Amino acid sequence: KGLTEVTLPAGLKELGGMAFGKCSGLTEITIPKSLTTAHFSAGFEDGGPFGYCENLTTVIFEDGITKVPPYLFRRCTGKMQTVIPDGVTEIGRAAFMNSGLQSVVMPDTVTEIGENAFAGSNLQTVSIPDSVTKIGDSAFCECKGLTEVTLPAGLKELDGMAFGKCSGLTEITIPKSLTTAHYSSGIGGGGPFGYCENLTTVIFEDGIAKIPEYLFRYCTGKIELVLPDTVTEIGRAAFTNSGLQSIVMPDTVTRIEENAFRESMLQTVSIPDSVTKIGQYVFYNCQDLTEVKLSARLEEIGEYAFADSGLQSVSIPDTVTKTGDAIFKNCSALTDAKLSNSCTNINYSMFEGCSALRKILIPDTVTTVYNSAFQNCTSLKEVIWSESLVTLRKNAFYNCSSLTEVVLPEKVTTIGDSVFYNCDSLTAITIPDSVTSFGTSMFYDCDALVTVNLGSGLTEIPKSSFEHCD
């Protein structure tokens, strides 16, 4: 503690963890250009070579050094200010992690900032030189005093939680050069801006073509966003679990990839007519999303695209020819739905659990209603059937407890198990002559059923077909 001055040797290559730890008399240190390796001591009082040097405020790097070694000032609690000299190309892993560093000037020779480099430090503002192309995992994570960041014009890659939990950040501009963003998994993981709770203003530089995947995953700030008209694609999970509340997409966007807005706070969305595909789970569990306008040129909707959302109504344009399974599953507020006149199937669980849906018109292009397509649609009272319908699969209308009467069209040949199971309000059913067989438990527990017109094509009534029709 009485050590006030240290001159490190010109040939020094390696410094062990806590080598000068808790030397509270140290106020200044010069790092020789020969130093390439620094270590971190784990344990109860862990730290880098200058851990807990609470009065170390001046750090000088000798000209000629090319990399700030990993862990060098980890847990050095002094209120440091430093200028990194020209020639340094990399800030090593955890070099200033959990330190008292307040300001740093980086030269335009730096190309990479390593993982955890400044994580948990006392940085308040940082200007990252345009030479930097990659910022590593959690590089500035939990820099709670950081209120302003200028990302470099040449930045290509941002790792997960790079600026995570920077609660002081309110605005960020994403350079057009950025093509790749990563996601940190595990407890507390997220995209580059994960858990930035006060980040509300996001600006994308004109010229950016794709919103990188994972970019704002778990960014919890209430973001309102306008994308520039150079964007053609929104990447996978770009805004998953984010606080995104509104987005304006230009008519240059053609693809919205899987999970793009999953579990975000979007309330309404208008998808431009340039979009031809919506990937799987894109708006999954967007519980605040009540209204969506779909692209007039949309061709494909992926599985679970709107499942568990707050949608109240939806109109699928006739350009849609391909739909995935369960795209509206458990949309419990959905009361009205118009289907595409170009689809030939209603896929698995498409409207399962849409408990507010009252009426459905199945277009005449549809030949098959797949398993559980309308299962648990407990408010469904009226079905207008496709005249081309051939097949009803298992559980298609299971527990549609408000359905009162069914007259199946004359082309139906196949009816699966439990299709009208527990339809408590069903009083009458007519099955055409084209049906030669149907599955088990088809009318099981249909308590109100009083009239059944069976077609002449039937040769057998399966076990439990009318069981518990009390």
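If you're wondering where the values come from, they're calculated on a predicted model, not measured in any experiment.
Other residues, nucleotides and ligands contribute over 12 non-hydrogen atoms within 6.0 Å of the NZ atom of Lys210. Within 6.0 Å of NZ in Lys381 there are 12 or fewer heavy atoms belonging to other residues, nucleotides or ligands. With a 6.0 Å radius and a threshold of 12 heavy atoms from other residues, nucleotides or ligands, Lys338 has its NZ atom above the threshold. Surrounding NZ of Lys293 are more than 12 heavy atoms belonging to other residues, nucleotides or ligands, all under 6.0 Å away.
Between the side chain of Ser184 and the backbone N or O of Gly160 there is at least one donor-acceptor pair closer than 3.5 Å. Under the 3.5 Å distance criterion, the side-chain polar atoms of Thr230 are matched with a main-chain donor or acceptor of Ile208. Without hydrogens or angle criteria, Thr109 side chain to Thr89 main chain gives no donor-acceptor distance under 3.5 Å. Judged purely by atom type and a 3.5 angstrom limit, Ser295 uses its side chain to pair as donor or acceptor with the backbone of Val275. Of the possible polar contacts, one joining the Thr82 side chain to the Val59 backbone as a donor-acceptor pair under 3.5 Å is found. Side chain of Ser340 to backbone of Ile316: no donor-acceptor contact under 3.5 angstrom is found. Thr66 places no side-chain N or O within donor-acceptor distance of the main-chain N or O of Gly87, the cut-off being under 3.5 Å. Remark: side-chain polar atoms of Glu62 are paired, donor with acceptor, to backbone N or O of Lys33 under 3.5 angstrom. Under the 3.5 Å distance criterion, the side-chain polar atoms of Thr319 are matched with a main-chain donor or acceptor of Ala296. In this structure, the side chain of Asn55 engages the main chain of Ser24 through a donor-acceptor pair within 3.5 Å.
A side-chain donor-acceptor contact under 3.5 Å links Asn422 and Asn399. A donor atom on one side chain and an acceptor atom on the other are found under 3.5 Å apart for Asn285 and Glu263. For the residue pair Ser342 and Asp318, no side-chain donor N or O sits within less than 3.5 Å of a side-chain acceptor on the partner.
Between Ile256 and Ile271 the shortest side-chain heavy-atom distance falls below 4.5 Å. At least one side-chain heavy atom of Leu380 sits less than 4.5 Å from a side-chain heavy atom of Phe374. In this structure, the side chains of Leu101 and Leu123 come closer than 4.5 Å at one or more pairs of heavy atoms. Here the side chains of Phe306 and Leu334 are not in contact, with every heavy-atom distance at 4.5 Å or above. Two residues are said to be in side-chain contact when any heavy atoms from C-beta on lie closer than 4.5 Å; Leu151 and Thr173 fail this criterion. Side-chain contact between Pro317 and Leu294: present, with at least one pair of heavy atoms (C-beta onward) separated by less than 4.5 Å. A heavy-atom distance below 4.5 Å is found between the side chains of Ser332 and Ser355. By the 4.5 Å heavy-atom criterion applied to side chains, Leu227 and Pro250 are counted as neighbours.
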Just list the side-chain donor-acceptor pairs under 3.5 Å for residues 14-22, sequence neighbours left out, or say none.
{"residue": "Glu14", "atom": "OE2", "partner": "His39", "partner atom": "NE2", "Å": "2.5"}
{"residue": "Lys22", "atom": "NZ", "partner": "Glu45", "partner atom": "OE1", "Å": "2.3"}
{"residue": "Lys22", "atom": "NZ", "partner": "Glu45", "partner atom": "OE2", "Å": "2.6"}

* Let me see the working for Asp251 and Arg297 under salt bridge (charged side-chain N to carboxylate O under 4.0 Å, His left out), right down to the final yes or no. => CA-CA 11 Å; Asp251 58 10; Arg297 295 173 54 203; over 6 Å; no

* For Glu257 and Arg255, run salt bridge (charged side-chain N to carboxylate O under 4.0 Å, His left out): C-alpha distance rounded to whole Å, both residues' side-chain angles, the deciding distance at 0.1 Å, then the answer. => CA-CA 6 Å; Glu257 295 295 336; Arg255 291 174 67 90; 2.8 Å; yes

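Nearest heavy atom pair, residue Pro175 against residue Pro152, reads CG-O, 3.4 Å. Annotation for Glu28 and Ile60: closest pair OE2-CD1, 3.6 Å, computed over non-hydrogen atoms. Between Cys23 and Cys53, the shortest heavy-atom distance links the atoms N-SG, 3.8 Å.
With sequence neighbours excluded, the residues forming a ring-ring contact (aromatic ring centres under 6.0 Å, His included) with Tyr284 are Tyr281, listed by chain and number. Lys134 is linked by a side-chain contact (heavy atoms from CB on, under 4.5 Å) to Glu112, Glu157, Asp159, counting only residues two or more places apart in sequence or in another chain. Every residue meeting the ring-ring contact (aromatic ring centres under 6.0 Å, His included) condition with Tyr214, not counting sequence neighbours, appears here in chain and number order: Tyr183. Tyr195 pairs by the ring-ring contact (aromatic ring centres under 6.0 Å, His included) definition with Tyr218, not counting sequence neighbours. Qualifying side chain to side chain donor-acceptor pair (under 3.5 Å) partners for Tyr71, counting only residues two or more places apart in sequence or in other chains: Arg93.
If you run ring-ring contact (aromatic ring centres under 6.0 Å, His included) between Phe351 and each of Phe397, Tyr398, Phe328, only Phe328 comes through.
Salt-bridge formation is detected for the pair Asp46/Arg75: a Lys NZ or Arg NE/NH1/NH2 atom is positioned less than 4.0 Å from an Asp or Glu carboxylate oxygen. Here Asp336 does not pair with Lys359 in a salt bridge; the nearest charged N to carboxylate O distance is not below 4.0 Å.
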